[in-house]
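In this text, all values refer to a predicted model and were calculated from it rather than measured experimentally.
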Amino acid sequence: MPGPLKDLKILDLTWALAGPFGTMLLSDLGAEVIKVERPGIGDVARSIGPIVDSVSTYFFSVNRGKKSVAIDLKNEKGRGLFLGLIKEMDVVVENFTPGTMAKLGLGYEALKAHNPRLIYASCSGYGQSGAESEKPSLDVIAQGRSGVMSITGEEGRGPVRLGVSLADLSAGMFLAMSIMAAAYERKESGLGQMIDISMVDSVVALEENAFVRYFATGEEPQRLGTKHPLLSPFQAFPTKDGYIVLTATGNIEQWSMFLEKIDCLDLLSDERFHNARTRNQYNSELEPILTEAIKKKTTREWIEAFESIGMPCGPLNTIADSAHDPLLISRNMFVDLPKSGGGQGTFRVVNTPMKFSRTPAGPEKGAPVLGEHTHETLSRLIGLGAKEIEELETQKIINQQ
């Protein structure tokens, strides 16, 4: 059954991670995503390891389900082919440094003249406007600029980059969301528009609470490790065989049952620990007591004990743990996709978290070989014949592998 975006056609010029992740989300939702790459070279992510069976698993993970067309956009004939494709598209997406597409004569205004309904979505480090718009950026740069690294890490130690590429991935999500919103609006106006997504903006948007607290109090949020800035306990604690993550609500009844489970009922009479906020004020005194108590049993034993009183808790999994977690497996969060170019075997990837009752979403095909769909796409969408395609390939304006 086709996905909810089955009628959306996207020309995807994105590379590396932020843009490809955004268009991958749209592909998972059923959109036809045609990835335009440079002949013979392709997306730089194709060379990023780990390389397994001559395939970049990095590239595979964010380009599954897409088609690949190899066209040289620096060549006039190549740009002509691109403009021919634009007339058939709903969306074009790019994440080059701002100004790159305009220098090729393929900026928003130029493309809009060929297709007024076109949605032009751009993703960059600092956005399309402002004094720093043309500066290059990568995920770690955007994490640093946004402030999120300053609140990530252990108290009293240096800042830490998040373990995932938060700037790239959040920009990709906002990119996909914006494209869907523009496509919805176009049903009424009949017109496309330009979308401007910044990696730094995207991370700042996810830090909403940290900024609101700063604006309201003037106090800068600090690094707290796994702890919460306002509530306690709300963190990871070491157990006999690993770690457990738990939160105690302000509910005095649950707090008392928690203290009974960890054999610390004497804390119930201490006014400093009566609710989650006051406990947070005196967390430096409370944390060592809880730590010693929770070290006495295994993670599984504590989970069973705390779940019996309705207390939110869970294990602190490694990636290997999560890869085999019965919950994630039951949610179908990992799928096997055929290797690129019809190779033998499969690669296991993370499935989409978006679940639909009537129009299922998720990947069905692996990532394309560079230029794999060049002939088919130019023939189907532009109407080029076999002889014309052969001539373009001879001139190295296009290629198919």
Side-chain angles (χ1 to χ4, degrees), residues 3 17 20-21 24-25 27-29 45 48-66 139 152-154 160-166 168-170 172-173 176 206 225-228 233-248 261-262 291 294-340 343-357 360-367:
L17 181 54
F21 182 73
M24 180 205 76
L25 295 175
S27 175
D28 284 350
L29 290 169
I48 298 176
I51 305 292
V52 178
D53 294 336
S54 302
V55 176
S56 163
T57 54
Y58 181 102
F59 176 86
F60 190 97
S61 70
V62 291
N63 288 284
R64 77 270 184 106
K66 301 177 186 179
D139 177 82
T152 305
E154 295 290 340
V160 174
R161 174 190 173 274
L162 273 76
V164 297
S165 298
L166 182 69
D168 281 315
L169 300 178
S170 61
M173 286 190 287
L206 299 184
T226 65
K227 295 190 286 291
H228 192 279
F234 192 111
Q235 65 188 90
F237 287 97
T239 65
K240 193 174 183 179
D241 64 347
Y243 285 86
I244 186 172
V245 184
L246 59 86
T247 65
K261 291 291 184 183
I262 65 172
T291 297
I294 294 172
K295 278 183 179 179
K296 295 176 181 178
K297 292 185 179 181
T298 66
T299 300
R300 176 45 53 191
E301 288 173 325
W302 284 127
I303 288 176
E304 290 177 358
F306 298 151
E307 285 184 345
S308 72
I309 60 173
M311 184 175 177
C313 63
L316 196 160
N317 280 349
T318 64
I319 297 299
D321 293 332
S322 290
H324 299 91
D325 192 315
L327 169 65
L328 296 176
I329 292 172
S330 72
R331 293 286 295 170
N332 194 32
M333 279 306 300
F334 306 108
V335 293
D336 297 316
L337 299 178
K339 292 181 180 178
S340 304
Q344 296 295 314
T346 60
F347 283 128
R348 176 156 289 192
V349 300
V350 177
N351 199 358
T352 179
M354 296 177 278
K355 316 292 186 185
F356 295 81
S357 64
E364 295 181 350
K365 298 179 180 179

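More than 12 heavy atoms of other residues, nucleotides or ligands lie within 6.0 Å of NZ in Lys355, so this atom counts as buried by the packing criterion. Heavy-atom contacts from other residues, nucleotides or ligands closer than 6.0 Å to CZ of Phe334 number more than 12.
Residues passing the salt bridge (charged side-chain N to carboxylate O under 4.0 Å, His left out) test with Arg161, sequence neighbours excluded: Asp139.
At least one donor-acceptor pair closer than 3.5 Å links the side chain of Thr299 to the backbone N or O of Tyr243. Under the 3.5 Å distance criterion, the side-chain polar atoms of Lys339 are left unmatched by any main-chain donor or acceptor of Val55. Asp321 contributes no side-chain N or O that, together with a main-chain N or O of Leu316, makes up a donor-acceptor pair within less than 3.5 Å. Judged by distance alone, the side chain of Ser56 and the main-chain N or O of Ala45 form a donor-acceptor pair under 3.5 Å. Formation of a donor-acceptor pair under 3.5 Å by the Ser330 side chain with backbone atoms of Leu327 is found in this model.
Residues Thr57 and Pro50 approach most closely at OG1-O, 2.8 Å, considering heavy atoms. Heavy-atom minimum distance, Arg64 versus Thr352: NH2-N, 4.1 Å. Listed here is the closest heavy atom pair of Ser322 and Leu328: O-CD1, 3.2 Å. Nearest heavy atom pair, residue Phe59 against residue Ala367, reads CE2-CB, 3.8 Å. Across all non-hydrogen atoms, the minimal contact from Val160 to Gly153 is CG2-CA, 3.8 Å.
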From CA spacing to verdict: side-chain contact (heavy atoms from CB on, under 4.5 Å), Val245, Thr226: CA-CA 9 Å; Val245 184; Thr226 65; over 6 Å; no
From CA spacing to verdict: side-chain contact (heavy atoms from CB on, under 4.5 Å), Val350, Met333: CA-CA 6 Å; Val350 177; Met333 279 306 300; 3.8 Å; yes
Stepwise side-chain contact (heavy atoms from CB on, under 4.5 Å) check, Trp302 with Leu246: CA-CA 10 Å; Trp302 284 127; Leu246 59 86; over 6 Å; no
Audit row: Phe60, Val52, side-chain contact (heavy atoms from CB on, under 4.5 Å) steps and yes/no: CA-CA 10 Å; Phe60 190 97; Val52 178; over 6 Å; no
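Side-chain contact between Asn351 and Pro363 is present, with at least one heavy-atom pair separated by less than 4.5 Å. For the pair Thr239 and Ile294, the minimum side-chain heavy-atom distance is below 4.5 Å.
Between the CG atom in Leu29 and the CE atom in Met24 there is a gap of 9.5 Å [rounded to 0.5 Å]. Residue Asp325 holds its CG atom at 12.5 Å from CZ of Arg331, rounded to the nearest 0.5 Å. Expressed to the nearest 0.5 Å, how far CD1 of Ile319 lies from NE2 of His324 amounts to 12.0 Å. Between the CD1 atom in Ile262 and the NZ atom in Lys297 there is a gap of 10.5 Å [rounded to 0.5 Å].
Judged by the 6.0 Å and 45° rule, Lys295 forms no cation-pi pair with Phe237.
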Enumerate, atom names and distances included, each donor-acceptor pair closer than 3.5 Å involving a side-chain atom of residues 304-311, sequence neighbours excluded.
unit_1	atom_1	unit_2	atom_2	d
Ser308	OG	Ala305	O	2.5

